[in-house]
Amino acid sequence: MSEAAATGGSTDSGETTMSAAPGASVAEVSAVSEPSATLPGFPYKLIATDLDGTLLRSDESVSRRTREALAAATAAGAAHIVVTGRAVPWTRHILDDLGYRGLAVCGQGAQVYDAGEHRLLTAVTLDRQLAAVALAKIEAEVGPLHLAASRAGLDGEILVGSGYALHGSLPTTPLTDVSELWAAPLNKIYIQHPTLTSDELTEASRQAAGGFVTVAMAGEGIVELLPLGLTKATGLSLAARRLGAKRTDTIAFGDMPNDIPMFTWAAHGVAMANAHVDLKAVADEVTSSNEDDGIAAVLERLLP
């Protein structure tokens, strides 16, 4: 990826891939393709689902009921697309295990990935000079931060600094010197604070540096600094255009505040029962939790 791409521009660099739960077939998870005309009675052409806390259960699997509901919806003419905060290197293994072959929006909208061909269709990277200014402004406001970062590209490393509490057991590279953050193009920077909650850190960061970066809260302990203006809605709108779908054709499912822009963009937003209160406040409806087949419950109701 060129240095031009590392300053916040977008590049078309091929196609991308997506995967889902262990043991699921392509039909079970609903391979993404251009949506066909939906059957009478099914109101949406595009079903956009967040991954963690939404499509996936806590063991990173997708239930049989949810797989069957998605398969029925795709048989009725809809397309299913995963829209996740995870960058491609932390998403690909899940999509591959699920047998997913369609498009995925990764990295909070920064990457549109063709899972079937393992190619990036579009990618946006963080302006590192602006990010450095943003970090300095945030630390001037709240004190020292624990840092991690996601490097750009299909195989970009996840750098994890001292004190940063990692969620899960995904492969990472130790960040021993903060200067290493700026050595290569980045998708995002992760920040944690020793005493502030994620909600408090998100608000403080937006107040201090919201004119330099987008600040997204993707879960407890997951506060991210992104290219200015980037949201999940950015990537979803690009992917929907490729699939021939419009925002008025789209139903979206999510669980965290980083899903708010996606809900605003889509015609109908469905929050999981386990969702953050801020997402529930803007949702069109609240379904059952990710552990209790919340996506399936809504799709089954909508299917003719």
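The shown structure was predicted, so the numbers you read here are calculated from the model rather than taken from an experiment.
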How long is the gap from [atom1] on [X] to [atom2] on [Y], to the nearest 0.5 Å?
| X | Y | atom1 | atom2 | value |
| --- | --- | --- | --- | --- |
| Asp292 | Thr66 | CG | OG1 | 10.0 Å |
| Asp249 | Lys45 | CG | NZ | 5.0 Å |
| Leu56 | Ser61 | CG | OG | 7.5 Å |
| Ile189 | Leu145 | CD1 | CG | 10.0 Å |
| Trp90 | Cys106 | CH2 | SG | 13.0 Å |
| Leu46 | Leu236 | CG | CG | 6.0 Å |

Within the structure provided, determine whether [X] and [Y] are in side-chain contact (heavy-atom separation under 4.5 Å).
| X | Y | value |
| --- | --- | --- |
| Thr264 | Val282 | no |
| Val83 | Thr49 | no |
| Phe253 | Leu55 | no |
| Lys137 | Val133 | yes |
| Val213 | Pro227 | no |
| Ile138 | Leu225 | yes |
| Asp293 | Glu68 | no |
| Leu228 | Leu130 | no |

Evaluation steps, side chain to side chain contact (heavy atoms under 4.5 Å, CB included), between Leu147 and Leu135
CA-CA 10 Å; Leu147 303 175; Leu135 270 180; 3.8 Å; yes
Closest approach of [X] and [Y], non-hydrogen atoms and distance?
| X | Y | value |
| --- | --- | --- |
| Ala131 | Trp182 | CB-CZ3, 3.9 Å |
| Met272 | Asp255 | CG-CB, 4.2 Å |
| Val105 | Gly109 | CG1-CA, 3.6 Å |
| Ser63 | Arg57 | CB-NH1, 3.5 Å |
| Thr250 | Ala48 | CG2-CB, 4.4 Å |
| Asp278 | Pro257 | CB-CG, 4.4 Å |

Distance-only donor-acceptor pairs under 3.5 Å for side chains of residues 152-163, two or more places apart:
from: Asp155; atom 1: OD1; to: Arg92; atom 2: NH2; distance (Å): 2.9
from: Glu157; atom 1: OE1; to: Arg151; atom 2: NH1; distance (Å): 2.8
from: Glu157; atom 1: OE2; to: Thr173; atom 2: OG1; distance (Å): 3.0

Check whether [X] reaches the backbone of [Y] with its side chain - one donor and one acceptor, N or O, closer than 3.5 Å.
| X | Y | value |
| --- | --- | --- |
| His146 | Ala165 | no |
| Asn187 | Gly107 | no |
| Glu203 | Glu200 | no |
| Asn258 | Lys232 | no |
| Thr202 | Met217 | no |
| Gln111 | Val124 | no |
| Glu141 | Ala204 | no |

Give a yes-or-no answer on whether the side chains of Asp199 and His276 include a donor-acceptor pair shorter than 3.5 Å.
yes
Quiz question: by atom type and distance under 3.5 Å, do the side chains of Asp50 and Thr54 form a donor-acceptor pair?
yes
Using the rule that Ile, Leu, Val, Met, Phe, Trp and Tyr join whenever any side-chain heavy atoms are under 4.5 Å apart, tell me whether [X] and [Y] fall into a single cluster.
| X | Y | value |
| --- | --- | --- |
| Ile260 | Val286 | no |
| Leu186 | Val215 | yes |
| Leu238 | Leu226 | no |
| Ile191 | Leu126 | yes |

Check whether more than 12 heavy atoms from other residues, nucleotides or ligands sit under 6.0 Å from atom NZ of Lys280, and answer yes or no.
yes
If you apply the rule side chain to side chain contact (heavy atoms under 4.5 Å, CB included), what do you find for Ile251 with Val270, and how did you get there?
CA-CA 8 Å; Ile251 183 171; Val270 183; 4.0 Å; yes
If you apply the rule side chain to side chain contact (heavy atoms under 4.5 Å, CB included), what do you find for Phe263 with Leu279, and how did you get there?
CA-CA 9 Å; Phe263 277 27; Leu279 186 67; 3.7 Å; yes
Any chance you could lay out the side chain to side chain contact (heavy atoms under 4.5 Å, CB included) test for Glu180 and Thr176, step after step, and finish with the verdict?
CA-CA 8 Å; Glu180 295 173 18; Thr176 56; 3.0 Å; yes
Any Lys/Arg nitrogen of Lys188 or Glu224 sitting under 4.0 Å from an Asp/Glu carboxylate oxygen of the other?
yes
For residues 294-304, which side-chain N or O atoms pair as donor and acceptor with protein atoms under 3.5 Å away, sequence neighbours left out?
from: Glu300; atom 1: OE1; to: Arg65; atom 2: NE; distance (Å): 3.3
from: Glu300; atom 1: OE1; to: Arg65; atom 2: NH2; distance (Å): 2.7
from: Glu300; atom 1: OE2; to: Arg65; atom 2: NE; distance (Å): 2.9
from: Arg301; atom 1: NH1; to: Glu285; atom 2: OE1; distance (Å): 3.1
from: Arg301; atom 1: NH2; to: Glu285; atom 2: OE2; distance (Å): 2.9

